[in-house]
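Quick caveat, the model's predicted, so the values are computed rather than measured. This chain uses plain numbering: 1 for the first residue, then up along the sequence.
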Amino acid sequence: MKILDRIALGILILGGIHLLLIGLIGFNTVELVFGSPEEWGTRIVYIVIGLSALWCFKYFSFTPRGGSRLKDR
């Protein structure tokens, strides 16, 4: 699962950079590559970014030392 965690985190970082570009200069890289928001390619990219965010949500239970604060429960 470690490789899946790294892939999801990488996709989430790229999604964050994508949103930064939209916010700062109005440049939407996903729509540039895949077309308008109504097309399936664009929708799939946004779905993958959203699923990656949900997958990385589990990192809220980790402590700075690398362990889980829920381990002893």
Side-chain angles (χ1 to χ4, degrees):
M1 282 298 196
K2 194 168 217 169
I3 189 73
L4 188 59
D5 292 338
R6 290 177 186 243
I7 290 171
L9 190 58
I11 291 171
L12 190 60
I13 290 169
L14 290 175
I17 293 170
H18 168 73
L19 290 175
L20 177 69
L21 288 174
I22 290 174
L24 288 178
I25 58 176
F27 183 68
N28 193 333
T29 54
V30 174
E31 289 182 11
L32 178 72
V33 173
F34 293 101
S36 69
E38 292 82 27
E39 293 188 31
W40 278 101
T42 305
R43 295 177 81 183
I44 289 172
V45 169
Y46 289 145
I47 289 169
V48 167
I49 292 171
L51 290 174
S52 296
L54 290 176
W55 183 265
C56 291
F57 197 77
K58 68 181 181 176
Y59 291 123
F60 276 115
S61 66
F62 283 81
T63 63
R65 292 185 305 259
S68 174
R69 65 178 175 207
L70 302 176
K71 187 183 338 181
D72 296 331
R73 291 186 186 175

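- Residue pairs satisfying the salt bridge (Lys or Arg N to Asp or Glu O under 4.0 Å) criterion with at least one member in residues 3-30, sequence neighbours excluded, are listed as follows: Asp5-Lys58.
- A search for side-chain hydrogen bond (donor to acceptor under 3.5 Å, both in side chains) contacts involving Glu39 returns nothing, not counting sequence neighbours.
- With sequence neighbours left out, the side chain to side chain contact (heavy atoms under 4.5 Å, CB included) criterion links Leu20 to Leu24.
- Counting all heavy atoms, side chain and backbone alike, Arg43 lies closest to Pro37 at CG-O, 3.4 Å.
- Linking ILVMFWY residues whenever their side-chain heavy atoms come closer than 4.5 Å, directly or via other members, places Leu32 and Leu21 in the same cluster.
- Ile7 and Ile13 are not part of a single hydrophobic cluster, where members link through side-chain heavy atoms under 4.5 Å apart.
- Clustering of Ile, Leu, Val, Met, Phe, Trp and Tyr by side-chain heavy atoms under 4.5 Å joins Leu14 with none of the others.
- For Phe27, the ring-ring contact (aromatic ring centres under 6.0 Å, His included) criterion is met by no residue, not counting sequence neighbours.
- Placement of Ile22 and Val33 in two distinct hydrophobic clusters is found when ILVMFWY residues are connected by side-chain heavy-atom separations under 4.5 Å, directly or transitively.
- Listed by chain and residue number, Leu51 satisfy the side chain to side chain contact (heavy atoms under 4.5 Å, CB included) test with Ile47 (two or more places apart in sequence, or in another chain).
- By the criterion of side-chain heavy atoms lying less than 4.5 angstrom apart, applied directly or through intervening Ile, Leu, Val, Met, Phe, Trp or Tyr residues, Ile44 is grouped together with Ile11 in one hydrophobic cluster.
- Under the rule for a side chain to side chain contact (heavy atoms under 4.5 Å, CB included), the partners of Leu12 that lie at least two apart in sequence or sit in another chain are Ala53, Cys56.
- The side chain to side chain contact (heavy atoms under 4.5 Å, CB included) check on Val30 picks up His18, Asn28, Phe34, Thr42, Val45, Tyr46, with sequence neighbours excluded.
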